[in-house]
Amino acid sequence: MQFKSEFLQKLSSAKKIVFFTGAGISAESGISTFRGKDGIWNKMKPEELANFDAFMRNPDLVWEWYQHRRDIVHKAQPNAGHIAIAELEKYFDVTVVTQNIDNLHRRAGSKKIFELHGNIERNYCVECHTFYNLPDIELTHSAPKCKNCGGLVRPDVVWFGEMLPEDQFSGGEKAAEWSDICFVVGTSAVVYPAAYIPLAAKRAGSYIVEVNIEPTDLTQFADYSIFGKAGEVLPKILNEVKSSKIQSPG
Ligand code: BJW
């Protein structure tokens, strides 16, 4: 794979790098994306599962769906894309801003991570907000009840119509605005306000590099679009960095 020379120049002078990631980066780990022909929303209705009213109407159904996805996530392993991002920390100040709830960036070794849509390992009581992290909660097939107040315990993920965690969004936005390069990897970039982050980076002067298997809503704003699988493209970028650092150490 031959990269554009302008991109290689940017890479050689960059200090701060952000990876804004979505479901596509975990596709090669066997976790389904949301949209597109194999996406989750093709088989399930988001309005029946990924919103608070749906949970209150049918907590066991929604809990069971997350329980099924937890099983998939637990069996999944970080792939070459996650690992390349973690390894790039040896060469740059790297921040990961992810829409994913699957923990695979952390398991790959990335240190600085902002999670915009929560984390499937955490749960909390809808009444008293007591947190239940795995493995402190019994993973039953029906929605568990809070040990303090008896309220329903829900996954700590962001459903449609809910606010994103303020500290995660503002931290991710700032990192993107301060970045020299903002990679946008494996996201359709249609879900807001998360999708504002690469646009904020662009407005602040960062160089936007998209990595996706197909064009998206963001392609028109990207300085460079690399069409290919994240698990193949990102290790090649890492190799470019390694060889240029060997040729010009320091
Ligand atoms: C590969 C690959 C490979 C495949 N390599 N690439 C402003 C404008 C318009 C709409 C709104 C707006 N503000 C709010 C809205 C409404 C709504 C929204 O954005 N709707 C749009 C869909 C129209 N947003 C919200 O409701 C948000 N909250 C909010 O705005 O609060 C303020 C508010 C409060 C009260 C009233 C009103 C407003 C919350 C959004 C929460 C999103 N939650 C989910 C579920 C999380 C929990 C769970 O997982 O169950 O988050 S939805 C789902 O979409 C999930 C994802 O994080 C998110 C983004 O999806 P992503 O990651 O981009 O995946 P895909 O499948 O879309 O794309 C995968 C990509 O990978 C594709 O491009 C492939 O080509 C690519 N790919 N394999 C590289 N190997």
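Just follow the structure's listing: the first ligand is 1, and inside any ligand the first atom is 1. Please read these numbers as outputs of a predicted model, since none were measured by experiment.
The number of heavy atoms from other shown groups lying within 6.0 Å of CH2 (W159) is above 12. At most 12 non-hydrogen atoms from other residues, nucleotides or ligands lie less than 6.0 angstrom from NZ of K15.
Counting side-chain heavy-atom gaps under 4.5 Å among Ile, Leu, Val, Met, Phe, Trp and Tyr, the cluster of V190 also holds V191.
Taking a cutoff of 4.0 Å between a charged side-chain nitrogen and a carboxylate oxygen, D223 and K10 do not qualify as a salt bridge. Between E115 and R122, at least one side-chain N (NZ, or NE/NH1/NH2) sits under 4.0 Å from a carboxylate O, which counts as a salt bridge. Here D180 does not pair with K16 in a salt bridge; the nearest charged N to carboxylate O distance is not below 4.0 Å.
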Taking a 3.5 Å cut-off between nitrogen or oxygen atoms, can you list every pair linking ligand 1 to the protein, with distances?
{"residue": "ligand 1", "atom": "5 (N)", "partner": "A230", "partner atom": "N", "Å": "2.9"}
{"residue": "ligand 1", "atom": "19 (O)", "partner": "Y192", "partner atom": "N", "Å": "2.8"}
{"residue": "ligand 1", "atom": "19 (O)", "partner": "Y192", "partner atom": "O", "Å": "3.3"}
{"residue": "ligand 1", "atom": "24 (N)", "partner": "Y192", "partner atom": "O", "Å": "2.9"}
{"residue": "ligand 1", "atom": "26 (O)", "partner": "G161", "partner atom": "N", "Å": "2.7"}
{"residue": "ligand 1", "atom": "28 (N)", "partner": "E162", "partner atom": "O", "Å": "2.7"}
{"residue": "ligand 1", "atom": "31 (O)", "partner": "E162", "partner atom": "O", "Å": "2.9"}
{"residue": "ligand 1", "atom": "43 (N)", "partner": "V158", "partner atom": "O", "Å": "2.9"}
{"residue": "ligand 1", "atom": "49 (O)", "partner": "R69", "partner atom": "NH2", "Å": "2.7"}
{"residue": "ligand 1", "atom": "50 (O)", "partner": "Y66", "partner atom": "OH", "Å": "2.5"}
{"residue": "ligand 1", "atom": "50 (O)", "partner": "R69", "partner atom": "NH1", "Å": "2.7"}
{"residue": "ligand 1", "atom": "50 (O)", "partner": "R69", "partner atom": "NH2", "Å": "3.3"}
{"residue": "ligand 1", "atom": "51 (O)", "partner": "H117", "partner atom": "ND1", "Å": "3.2"}
{"residue": "ligand 1", "atom": "54 (O)", "partner": "R35", "partner atom": "NH1", "Å": "3.2"}
{"residue": "ligand 1", "atom": "54 (O)", "partner": "R35", "partner atom": "NH2", "Å": "3.2"}
{"residue": "ligand 1", "atom": "57 (O)", "partner": "Q99", "partner atom": "O", "Å": "3.0"}
{"residue": "ligand 1", "atom": "57 (O)", "partner": "H117", "partner atom": "ND1", "Å": "2.8"}
{"residue": "ligand 1", "atom": "60 (O)", "partner": "R35", "partner atom": "NH1", "Å": "3.0"}
{"residue": "ligand 1", "atom": "62 (O)", "partner": "A23", "partner atom": "N", "Å": "2.8"}
{"residue": "ligand 1", "atom": "63 (O)", "partner": "T187", "partner atom": "OG1", "Å": "2.6"}
{"residue": "ligand 1", "atom": "63 (O)", "partner": "S188", "partner atom": "N", "Å": "3.0"}
{"residue": "ligand 1", "atom": "63 (O)", "partner": "S188", "partner atom": "OG", "Å": "3.3"}
{"residue": "ligand 1", "atom": "66 (O)", "partner": "F34", "partner atom": "N", "Å": "2.7"}
{"residue": "ligand 1", "atom": "66 (O)", "partner": "R35", "partner atom": "N", "Å": "2.8"}
{"residue": "ligand 1", "atom": "67 (O)", "partner": "R35", "partner atom": "NH1", "Å": "2.6"}
{"residue": "ligand 1", "atom": "67 (O)", "partner": "S188", "partner atom": "OG", "Å": "2.5"}
{"residue": "ligand 1", "atom": "68 (O)", "partner": "S188", "partner atom": "N", "Å": "3.3"}
{"residue": "ligand 1", "atom": "71 (O)", "partner": "G186", "partner atom": "O", "Å": "3.2"}
{"residue": "ligand 1", "atom": "73 (O)", "partner": "N212", "partner atom": "ND2", "Å": "3.0"}
{"residue": "ligand 1", "atom": "75 (O)", "partner": "N212", "partner atom": "OD1", "Å": "2.7"}
{"residue": "ligand 1", "atom": "80 (N)", "partner": "E28", "partner atom": "OE2", "Å": "2.8"}

